[in-house]
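Structure first, then comments.
Residue numbers start from 1 in every chain, and the chains themselves are labelled A, B, ... in the order their sequence lines are given, proteins ahead of strands.
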Amino acid sequence: MKYEFSDIERKWQTYWQEQQTFATESSSDKPKYYVLDMFPYPSGSGLHVGHLEGYTASDIIARYKRSCGFNVLHPMGWDAFGLPAEQFAIKTGTHPKETTEQNIKSFKETLQRMGFSYDWSREINTTDPRYFKWTQWIFLQLYDRGLAYMSEVDVNWCEELKTVLANEEVEEKIADGYTVVRRPLRQWVLKITAYAERLLADLDELDWPENVKQMQRNWIGRSVGMEIDFELRCHNRRLKVYTTRPDTLFGATYLVISPEHELAEKLATAQQLVEVKNYIRQAKLKTELERTGLQKEKTGVFTGSYAINPATGEPLPVWISDFVLTSYGTGAIMSVPAHDQRDWEFARQYNLPIIEVIKSPHDVQEKVFEGKDSCCVNSSNPEISLNQLPFSEAFERMASWLESKKIGERKVNYKLRDWIFSRQRYWGEPIPIKHYLDGTIRTETTLPLMLPEVEAYHPSSTGESPLANIPHWLYGEDEDGPFRRETNTMPQWAGSCWYYLRFIDPTNQERLIDPEKERYWMNIDLYIGGAEHAVLHLLYARFWHKVLYDIGVVTTKEPFQKLFNQGMILGEDNEKMSKSRGNVIPADQVMERYGADAVRLYEMFLGPLEQVKPWNTNGIEGISRFLTKVWRVVYPGSDRDELTPAVALSGEPMPEELERRMHKTIKKVSQDTQNLKFNTAISEMMVFVNELHKAGCRNREAVETLLLLLAAYAPHLTEELWEAIGHGHSITKEPFPSFDPKLVEDPVLTITVQVNGKLRGTFSAPAGSPKEALLEEARKVESVIKFLEGKTIMREIVVADKLVNFAVK
RNA sequence: GCCAAAAUGGCGGAACUGGUAGACGCGCUGGACUCAAAAUCCAGUGAGUGAAUAACUCGUGUGGGUUCGAGUCCCACUUUUGGUACCA
């Protein structure tokens, strides 16, 4: 009988669907396990083999955990708001809803064809009003707590897309060939900075890849420093700067403010005014990228004004330069050119003095010294001296001194900025806010606030969304008077910020999630997805989760206890898969040819899950052969002389060697599966199958064990064979096999013999042989003798059960 | 520039807390089966010297070091990938 994967796979997929095999148990005494994939945006180009890597991994874990007695939640849904569907609508007039529905259908077919054990009764879709009702509800919670506010902000405006982009999206769009400029616009902003400290601190407890945690830490960018007030000469004002190095105050030789600083023009003396105005105007014309991108020569202009260095009493020229960022710290800095690269470059450019205040190994006039592990010098006045002090003590002493003089205070700063949350698009969650004539705003009382039908999807030319063109939706009146609706919609991140909660209670009309269910299922035991979401999605979702925690909707501080990033699968040319390169391997195509089980196995066999690795279509042949070999364990013969498998698998005993191999395999597959080392688990199963064939053994226990081990990996094939050998129920209901610890240890071991660390021979010895016996045996090994002859043995090293090494001279 | 990870045959990759480097698979070579092919099966396959299934030498990015013994630990460097980019 031949292994016809397409019939078999269809048969069992239908069976699972009919039997509701993977429906999550709603109430259960079992321990729970929540394994989640980052849900996809259903694009028009379908799924390729790279998309299926993470899903395959999570599915193996889900099936494995079920067989270990867990009640498993393994859901799937669609992050379906987003630009591509809208752009397609602009081009063709097709409603994004239609496009989205079609794409979802095709995605779902592919996923089902892979035999993934999702509980499809929990499927969610972020564009479904029953879902985005709660996205809007969360927005209102944020608004009520002052965490959502409107602000006229310089935004990244993309002319071609007629929309605002988040800082994080800018680079990506520029890479795609769009132009992005700075432009002030009224925007909704979420105050993620209010949670910066907690977002940083709580990272420590998460079981996440260290690099992802580090990326988030860098993104949050906490720094400890001081704000210091500098008195301005000839002005009755002070200038506040932020610095992390108050210990270098004695070395500050000038100040720099950003071109947007409120004092920039005011500080300009009559003589300098024209030049200053010119510089400020030019800075405004530059885009963010031109200003901050790439290292370039520093530019600046002198205001003509001076401030006083509170430590030295010396006058400090105040300069304006666009290398100082407006939006960080106070938009003004004190420059210590001897000990800061940027300040040093600027000082050299404009001939400003460079004074060494940290003991440097070289002349600071020639090269900057930024080290912190050296002591202060040239740093004293009648009131305070930092000389000889190392960094932290100098910092402390200077901080106290400035505090006592009331011209400085300690300050913690973050790189993290508030999150610009609005988009001028149609295909997103409408922001449920009403604007009244008097300028007040109120929240919508009935949710969801639906998206109206529109004629055209083009944004309005004013930069408002297409919603601004729909008068009957836009304007309304209630007891508070006439109002105009908010026309901005939410960014795509919104829906994915909380979807993992909705899977737990997907149809609840009354609340976002039932508290009892939340307590049972949260938090997520394993979250698998791509590293491209290391910062944005994962940071935004953590932020929302913490807000929901604060208002009592959830009971865990963090949503994703364990995170795993699967490595990208590259095309066969070792490049990232993309339509333009023409190296995309569509999932359906490979399944057609080799079957879902082979694709599943091969995805995992390619290499370590976390690693970036190229696809190689030839390699899947090996997996195909392996599956055929498994098939032939049960159906060994050709069509004619076939015994029915149930009869063929009689109680023929297993050779001891094979039995040990079986127990070793159980152990290895079990451990490797838990640790997501699927490539080595598969390799171990291959070894076992090869041994089975070599031994020609048809022992029932051996065959059943093999099928049970393989069930999570190749679910269709194992279901079919499980049935063929006489079982009346699904293999998914069987527990994972256990091994006998006594049988995984070999009674006779190969001992290595080395002379001076080089391999010279081996011999066999029973496990646990005493050292003396091993030494004696080792000396007798023929290939070793000649290396010992005529030499003096200086030392004999014996490692029990492993090796003997003679150090000779 | 800074931060993080990595570098092993022709290729993807194995190697437990330092203990036989190259498991498993691809590819390749030879053989069996076949009229022939496909499929399947068997054998071989890191490099070098060698008639050799004898024996030895070299070999895990480079150079040092620790150790009886290093792919694994330490130092320096090179390259690749990811992140970040004037955050004071």
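- A salt bridge between D204(A) and R217(A) is present, with a side-chain N of the basic residue lying under 4.0 Å from a carboxylate O of the acidic one.
- With hydrogens and angles ignored, a donor-acceptor pair closer than 3.5 Å exists between the side chain of N805(A) and the base of C68(B).
- Cation-pi contact between K298(A) and F346(A): absent, since separation from the ring centre below 6.0 Å together with deviation from the ring axis within 45° is not met.
- Pairing partner, C24(B): G12(B), with both Watson-Crick or wobble hydrogen-bond distances short of 3.5 Å.
- Within the 4.0 angstrom heavy-atom criterion, no nucleotide atom of any strand lies near S327(A).
- Note on ring orientation: taking the six-membered ring where Trp is involved, the planes of Y713(A) and F678(A) are perpendicular (angle over 60°, cut-offs 30° and 60°).
- If you check every strand for non-hydrogen atoms under 4.0 Å, R222(A) touches nothing.
- Listed nucleotides: C58(B), A21(B), G13(B). Nearest to the side chain of L759(A): A21(B).
- Backbone-only contact: K629(A) has heavy atoms under 4.0 Å from sugar-phosphate atoms and none from a base.
- Out of C58(B), A88(B), C26(B), the shortest distance to the side chain of L325(A) is found at A88(B).
- Considering only side-chain atoms of T762(A), the nucleotide from C26(B), U20(B), G19(B) that sits closest is U20(B).
- Between D418(A) and K191(A) there is no salt bridge, since no side-chain nitrogen of the basic residue lies less than 4.0 Å from a carboxylate oxygen of the acidic one.
- Nucleic acid contact for L606(A): sugar-phosphate only, since backbone atoms but no base atoms lie under 4.0 Å from a heavy atom of the residue.
- Residue contacts for K415(A): at a heavy-atom cut-off of 4.0 Å it reaches a base atom on one of the strands shown.
- Within the shown strands, G31(B) is the pairing partner of C41(B) under the Watson-Crick or G-U definition, both distances less than 3.5 Å.
- Side-chain to base pairing of E621(A) with G25(B): no donor and acceptor N or O lie closer than 3.5 Å to each other.
- Using a 4.0 Å heavy-atom cutoff across all strands shown, K668(A) reaches no nucleic acid atom at all.
- Of the options D247(A), T248(A), T243(A), a side-chain hydrogen bond (donor to acceptor under 3.5 Å, both in side chains) to R245(A) is made by D247(A) and by none of the others.
- At the heavy-atom level, Y602(A) lies nowhere under 4.0 Å from the strands shown.
- Using a 4.5 Å heavy-atom cutoff, the side chains of L803(A) and Q754(A) are in contact.
- Salt bridge status for E197(A) with R222(A): present, with a side-chain N to carboxylate O gap under 4.0 Å.
- As judged by a 4.0 angstrom heavy-atom cut-off over every strand, Q341(A) is placed among residues making no nucleic acid contact.
- The existence of a salt bridge linking E53(A) and K613(A) is confirmed by a sub-4.0 Å separation between a basic side-chain nitrogen and an acidic carboxylate oxygen.
- Taking every side-chain heavy atom of P608(A) into account, G13(B) is the closest of C41(B), U40(B), G13(B).
- Which of A21(B), A88(B), U40(B) sits closest to the side chain of T243(A) comes down to A88(B).
- Across all strands shown, G61(B) forms a Watson-Crick or G-U wobble pair, both distances under 3.5 Å, with C77(B).
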Close N or O pairs between protein and nucleotides 22-24 of chain B (under 3.5 Å):
residue	atom	partner	partner atom	Å
A23(B)	N3	S683(A)	OG	3.4
C24(B)	O4'	S683(A)	OG	3.3

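- Of the candidates G83(B), C26(B), A88(B), the closest approach to any side-chain atom of T244(A) belongs to A88(B).
- Nearest nucleotide to the N616(A) side chain, out of C26(B), U20(B), A88(B): C26(B).
- In this entry G50(B) has no Watson-Crick or G-U wobble partner, no candidate having both defining distances under 3.5 Å.
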